[in-house]
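So you know, we letter chains A, B, ... as the sequences are listed, proteins then strands, and number each from 1.
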Amino acid sequence: MSTVTVRGTVVIDAEACKGCDLCIDACPPRVLEMTDHEVNTRGYRYPRLLAGCTGCQACAQICPDFVFQVYKYHTPLELAVNEGGES
Amino acid sequence: MSTVTVRGTVVIDAEACKGCDLCIDACPPRVLEMTDHEVNTRGYRYPRLLAGCTGCQACAQICPDFVFQVYKYHTPLELAVNEGGES
Amino acid sequence: MNSPLAGERELMLTGIGGQGVQLAAQVIAQGAIADGKEVLVFGSYGGMMRGGNTDSTVVISDQPIEAPPVLSATWSAILMHHQYWAPLRVLISDGGLVLVNTSVFEDQLDRDRYRVVEVPATDVATDLGNPLLAAMVMAGVYGRTSGLVSLDGLVEGMRRSVPPYRSQLIEANEAALAKGWEMAA
Amino acid sequence: MNSPLAGERELMLTGIGGQGVQLAAQVIAQGAIADGKEVLVFGSYGGMMRGGNTDSTVVISDQPIEAPPVLSATWSAILMHHQYWAPLRVLISDGGLVLVNTSVFEDQLDRDRYRVVEVPATDVATDLGNPLLAAMVMAGVYGRTSGLVSLDGLVEGMRRSVPPYRSQLIEANEAALAKGWEMAA
Amino acid sequence: MSDDRLFLSTDKPPAEPASLVDDFTPGLITQANHHLCPGCGEPIAIRAAMEAAEELALAERTVAVFGIGCYTAFAHNLDVEVVQALHGRAPSVATGIKRMLPEGFVVTFQGDGDMVNEGLQEVLHAAARGENITCLLLNNGVFGETGGQMTTTTTLGQRTKTSIEGRNPHQHGHPILLSDLTATMDGAAYVARCAVNNAGNVARTKRYITRAYESQMAGAGFSLVEILTMCPTGWFVDTLEGPEYLQNTLAPVHNIGELKTP
Amino acid sequence: MSDDRLFLSTDKPPAEPASLVDDFTPGLITQANHHLCPGCGEPIAIRAAMEAAEELALAERTVAVFGIGCYTAFAHNLDVEVVQALHGRAPSVATGIKRMLPEGFVVTFQGDGDMVNEGLQEVLHAAARGENITCLLLNNGVFGETGGQMTTTTTLGQRTKTSIEGRNPHQHGHPILLSDLTATMDGAAYVARCAVNNAGNVARTKRYITRAYESQMAGAGFSLVEILTMCPTGWFVDTLEGPEYLQNTLAPVHNIGELKTP
Amino acid sequence: MSERVLIEGSEAMARAAVAAGCRFFAGYPMTPFTELLEHMAGLLPEVDGVCMNAESELEAVGMAWGAATTGHLAATGSTGQGLSLMQESLSEITNARLPLVVFNMARGQGDYFQATRGGGHGDYRHIVLAPMDVPEAVELTQLAFDMAGQWRTPVMVLGDYYLAHTYQAVSVPSFDTAAPEVPNWALDGSTGGSGAAKIVSPLGGGVEGEEGFDLGAHYAACAAHIQAMATGVEPLIDAGFCEDAELVVAAYGSVGKFVRYACLRLRDAGHRVGYIRPITLWPFPSEAVHKAASGSAKAAVYEQNMGQMVDDVRLATMGTVPVEFIGGPSWDHSGFGIGPDINVPDISERILETMP
Amino acid sequence: MSERVLIEGSEAMARAAVAAGCRFFAGYPMTPFTELLEHMAGLLPEVDGVCMNAESELEAVGMAWGAATTGHLAATGSTGQGLSLMQESLSEITNARLPLVVFNMARGQGDYFQATRGGGHGDYRHIVLAPMDVPEAVELTQLAFDMAGQWRTPVMVLGDYYLAHTYQAVSVPSFDTAAPEVPNWALDGSTGGSGAAKIVSPLGGGVEGEEGFDLGAHYAACAAHIQAMATGVEPLIDAGFCEDAELVVAAYGSVGKFVRYACLRLRDAGHRVGYIRPITLWPFPSEAVHKAASGSAKAAVYEQNMGQMVDDVRLATMGTVPVEFIGGPSWDHSGFGIGPDINVPDISERILETMP
Ligand SMILES: Cc1ncc(C[n+]2csc(CCOP(=O)(O)OP(=O)(O)O)c2C)c(N)n1
Ligand SMILES: Cc1ncc(C[n+]2csc(CCOP(=O)(O)OP(=O)(O)O)c2C)c(N)n1
Ligand code: SF4
Ligand code: SF4
Ligand code: SF4
Ligand code: SF4
Ligand code: SF4
Ligand code: SF4
Ligand SMILES: [Mg+2]
Ligand SMILES: [Mg+2]
């Protein structure tokens, strides 16, 4: 366990996603990850958020389907995460 | 009176001429001169030849109406001319 | 006068993307040609980018086909999935033949209007090792039940329809056709 | 019924380039308008680059003009030169009026078919100081002989027709018109 | 190990005090839903163009002119006035509008098939005229809408439906570098090329578009921003390979950068 | 003093031994008589083009494609095979011919109105394709045939029927320098510009045309020779002022020289 | 009303256009359209209008299309080849419901079908007016702009070499330099950001994917509008002496003036011949033609082509009277459509030969 | 003759074209023409032919024009908008007397007038063939190339989305790879320097300023040639059950197949209805239509537009039988002209409602 500074967050309109993966690479701290199996009603996988968002808007800017709403926290949060989580 | 070396000569199809004057300037030794008053049947003045043609073909190449036939003498001729002629 | 329409038999297939509907239509159509019949096929894929429905129309006859590419009634139907089948529902002729993929299909059928043949196609295909073979199973069942295409025809039709880069699937497809044929016995 | 054509009077002019044929047509036409009449003018310049012939058609009437722009008969003609006049020859109506520039014109006229008025226009114009005024002299003669345009009308028409950069010619033109008018007395 | 702890909730705005810095539907786009393919670069470019217009407060004086290609779907989704033109013909239509609305702001949206194939003459004549409009070229090197055939901007070696073995100069000729060509013309004031294949380039795209708009507002003459966009469908590649494919295929030939500034 | 002594007889070939070095009607022109204006530069350029073809022995494999302008009159006067195309469309027609007759020699004759106005796209696409044809542009900076209106090649300040006060960039835009533009394209192998306003330039014109032809014969790709021609009628100047007017008006902008060689 | 002046048809039409409110013109030179273009270039600046020397006809019609979307009266035009190039746009401008006046200064009368059936793709039609001479051209030019605005459609004024080059005395109304009113569908950018920005499109309005946007519905509306024009536009015709005519002869445009004149002369000579001159070519004045022809034993059509309007006359009369085609193309070396057969004696002879 | 294969209409037409000797094709993508272009691109290299992915339709038709001058069979085509852009060239290619096949894969039936009257300027017409299905398209494609060569004219094959996308079993003749014979008017450069080099021009041949060149005479010859085609080209028609029909229904192309099928079904049900399906749309089989309709009390025309072929049917029957228009445009969201009204029950209902 450790803590991660979280400066921002996103709201994801999973239904609007077409599963293109562009946001994943675009996210500088790499805190977006596609679902493994879950799909939206149109059958597309969609991104989920890990701790560490900076609110940089890169995902929103590159997403062709306007799936993201991005917020910046007035004061950064510190979130506890399971470091092994990514494995 | 003096003599002029004449290396070539031209045949002029005066009827074909449209009186544009282009040949006059094009002739390096300046041995072409437009008629003053005489016109062809279409009403155009046309060029005449003074002694001194070199057979350089400049007139033929620039004439838009293909008025000239150019000859080169096998041996240059020497023609006597009236020097005051141009005045 | 013997109507030129008498010998025409229509088939409409419906399903969702990836179920092999277009391939099944091709296999049946090519099979009929291999059997020496006349055939017409018209596929409609929905809006290209809207994903989802896929259906196809096949007409088989011994004579040149009079039917236009869009049918307003069909003698038979293959229902791979229920999602987009509503428009087809009303087109099935009284006394027609309906093959339904019971592994997936979830809707009511007008069983009193036409003959329904239940085929657990996806389950059978999964048993054969690949759920994507469901449409081939259906084609096998259809050939025999309808009497329109022979098993040899279907196999030949399948060989003509499978693109070269998918040739490794030929054997499995053949097995699925045979399985369907057998099931229809 | 009184034919709407009754009041129409046609004029065709012919000459060679530089004789002022188009200007004369304009002066007569503008003059008629200044007099309150209806007018139609159609000029044909031959092929642009073939040089040479120039002719013009004018129709004058008290009523809206029924005649189309290409005439097949003309009540009157002004012949400035003989070179291209052949096509016009046959168009002159019996009993018509023909003004001929005798200073230049060298051909036969059918004097028994129509009235010929001989005008040594180029000579008169040269006497006036400029052979190019010949067409104006003709216009003056035409106005009076035909009875279609008044002298005031002609002068006004000339003023309207002369382009601004030629305005120094207005006086000479006026004199030529007046001279022609006088000659027609 | 379960994912439960790993992923944060993303279905509603945060409870903690926070400011919204980017909303789902970009400014001046009225409807986010569109039928373009997954991974298509065109919506990204259009978003950048509309955000730039919003930031310069151009909404109430803009007329956007659309060509015909996949992006045409957006003609009906914008909150600026739109004229739908024919394939290739947007620059002339934009010219007519601008001449009658000199205070208006006029921008065209065209693809490479539209602008560099069917309408090459239109855009070059508009540039030569120094027409005070902005043209945006969404260049994916293919006719996306008709299924991924070669266009005049397809790069050498690029595989398309009509150059299956890769574009080959002997059979298919050479690509036209539209921005480079336009930049040589006297009437062109601002010419730049960028791409939307990563977030940095998207930001740059918006910057270039902003400069082009500013150039039009200053009356400097013709401006063009060429935007390289992904077309995974027409390229027959996976959506996630689009950005890299763009980088390796289009970008080395259609070089990114400002080619001409006023 | 009388002129009698001064002027030599020019109504028949000389009596003294002499060789004919230039005949009235140039090679491969069947009929000298034409209706073009006095002092027009186009017949001079066409003469050069046909003489070059003759010297390279191309007559029996040439198909010439004509655009629409004053020069069109020559379509019927040549002793090479001719296809009359529409205004602006010669390069495509030439492409179809060349593709079906790869051993043939294909050349287009077009004016600036034809090639740079109506048909700008055609020539640029042909150049990009590296189409192995030769296009000849007779550039007089006006639509001669329709009466001397401004074209896209009219230079700034040049007076035409539609730019009476001189072409002004704000109202009329900037001239297109077609050869310069084409030279930037990868498919173009040979691009040169010259003029026919004096004998030296006529000779140079023929030289450039010869090189363009040679480039096509070598299969090098697209070749273009732009030839500045006098149009005294459309310029509203005296015929004898044509050459100098060309030198002062067109030549300073449309620079003479070879722009690209294979 | 200004004083009567003697002006060429081209100039008269240009003046009439500007007087009718035309504020934008774009064109590319081609005889006999060139003259009109040159006059527009001279006149439009006087009223702060814009005349573009477009680089081609495709670009000219595109520019005019753009200008039309701003709600200002716009016009373009050309001749033969140039009109052909514009067909794609004219079809779509019709579907975009934009007012536009198109001056088709044709060579001969071979383009009747193109004008009246729409040479472009699709099922569109637009209004076509064919003046016979300069005074009528002035009137119809005014009418064309009025109709274009009223019906939101292209209106073609179909002229020719004669019309362009004939001088007649006409009174052209003076120019109104007041800033014109623009209709409410017009674009000026101002609805941007409102959530309901306007769109002008041949594919219809509304939002893609939402109720408002429906291509099928738009095309149906376009078809309905064409029908509305077909029945709602007042068909214009000039006919004379038809009541007691044994033969009525139909013709249009400048050629119609030749035919009319021939008929007047033949009447003077006692022949019972009448004439019909359709002025709106689309909608075709079918009823009036039917009525005018109904009293006579025979109808004839004279047009300078292989027979085009004759179809419309036959469709109008539908076998109630035999319709003979007595025209034919007439060409001289110029290609301008002023061939040698267009003259009153030849026409009169054909008429007399056709008399029943 | 090769074995029977199940192929899509687009591919069948492409194969038939190459089998008929087509050696050059140029086109620009547009649904539903794209597929044909792609198949030509695949097939032509097999016979050393050339397929150009032209940069636009204007360039495509220009390239095809050029290829046609070499005497090799050439073709082009497009859809709607693209065809409109080609009209200028199609008019002039007709005047240049060049063989060319034009595949017009239309959206809906709104382009009948454009196809049959020539949407371009001038008085030209060219042959138009409208197949109803894939087997007929194969036959007519062959015929189109034959006619194009025989008459030295463009021949249009008018298809649509259904034709492009329907698979049927057809036998397509195999390709003949022998070097084709070229006609003697064709250009290859070889007559240069002979003093009588050939020229191919829409303005005619001969030398400018000399006897041989005469624009007026050339246009007269073109007109005569159109007349010769109008009377000399064998009009093709498919008609059935007309002898004892109370109502005959005319329709063409794919839609004709729907109508024909509806009629077959109605006959089966005992209704006395016949059908007329013109196959050559120009020249229109007027006599055959007249004859087919003459026995019945009424005729009807079903076409997917606001009424275009109905004019030709009326002109053919000239009031001898009332002709009712029972069609109408049908559009869905795709814009491809495969709207919901094109179905047999609706058509049958309209037919029954129209029965006298
Ligand atoms: C005149 C004309 N020709 C062809 C078409 C068919 N067409 C529609 S979209 C398109 C391709 C568009 O390509 P591009 O502009 O690059 O846009 P993309 O689809 O790649 O976004 C074509 C050829 C058309 N609409 N109009
Ligand atoms: C499509 C089309 N538009 C317009 C014309 C009219 N036209 C004929 S020649 C010409 C001008 C030609 O200019 P250019 O090519 O420069 O040749 P020039 O006359 O100057 O020699 C024009 C506009 C035409 N023939 N076709
Ligand atoms: S805002 Fe930035 S950090 Fe946060 S998810 Fe999006 S791209 Fe990643
Ligand atoms: S970029 Fe957008 S559409 Fe693509 S996967 Fe991410 S959220 Fe989904
Ligand atoms: S050949 Fe040369 S020197 Fe002789 S006249 Fe001609 S230009 Fe002059
Ligand atoms: S250049 Fe030719 S046309 Fe001109 S004046 Fe000399 S001879 Fe005459
Ligand atoms: S085809 Fe290409 S350009 Fe069109 S929507 Fe799909 S990805 Fe985008
Ligand atoms: S108008 Fe100009 S280009 Fe045409 S013939 Fe005359 S001088 Fe030559
Ligand atoms: Mg693209
Ligand atoms: Mg020019």
Heaviest contributor of heavy-atom pairs below 4.5 Å to chain A, chosen from E:D11, E:L240, E:N201, E:L20, is E:L20
Under a 4.5 Å cut-off applied to non-hydrogen side-chain atoms, are [X] and [Y] in contact?
X: A:V67; Y: E:F24; result: no
X: A:Q61; Y: E:E51; result: yes
X: E:T10; Y: A:V11; result: no
X: A:Y71; Y: E:E16; result: no
X: E:S19; Y: A:H74; result: yes

For the student: nearest non-hydrogen atoms of E:P43 and A:P64, plus distance: CB-O, 3.1 Å
Could you tell me which non-hydrogen atom of A:C20 sits nearest to which non-hydrogen atom of E:G39, and how far apart they are? CB-N, 3.2 Å
Checking the side chain of A:K18 only, and the main-chain atoms of E:L36 only, is there a donor and an acceptor separated by less than 3.5 Å? yes
Need one label for [X]: side chain, backbone, both or neither, based on atoms under 4.5 Å from any heavy atom in chain A.
X: E:D238; result: neither
X: E:I29; result: side chain
X: E:V202; result: side chain

Among [options], residue most engaged with chain E (heavy-atom pairs, under 4.5 Å):
options: A:I24, A:T9, A:D65; value: A:D65
options: A:I12, A:V31, A:D21; value: A:I12
options: A:T75, A:L77, A:D25; value: A:L77
options: A:A26, A:C63, A:A58, A:A60; value: A:A60

Check the pair E:D22 / A:F68 against side-chain contact (heavy atoms from CB on, under 4.5 Å), numbers first and verdict last. CA-CA 8 Å; E:D22 216 323; A:F68 296 94; over 6 Å; no
Could you walk me through whether E:N197 and A:L22 pass side-chain contact (heavy atoms from CB on, under 4.5 Å), step by step? CA-CA 9 Å; E:N197 62 332; A:L22 295 191; over 6 Å; no
Heavy-atom contact with chain E under 4.5 Å, split by part of [X]:
X: A:Y73; result: both
X: A:A51; result: both
X: A:L49; result: both

Looking at [X], I'd like to know if its [atom1] atom is crowded, meaning that more than 12 non-hydrogen atoms belonging to other residues, nucleotides or ligands lie closer than 6.0 Å.
X: A:R45; atom1: CZ; result: yes
X: E:E60; atom1: CD; result: no
X: E:E244; atom1: CD; result: no

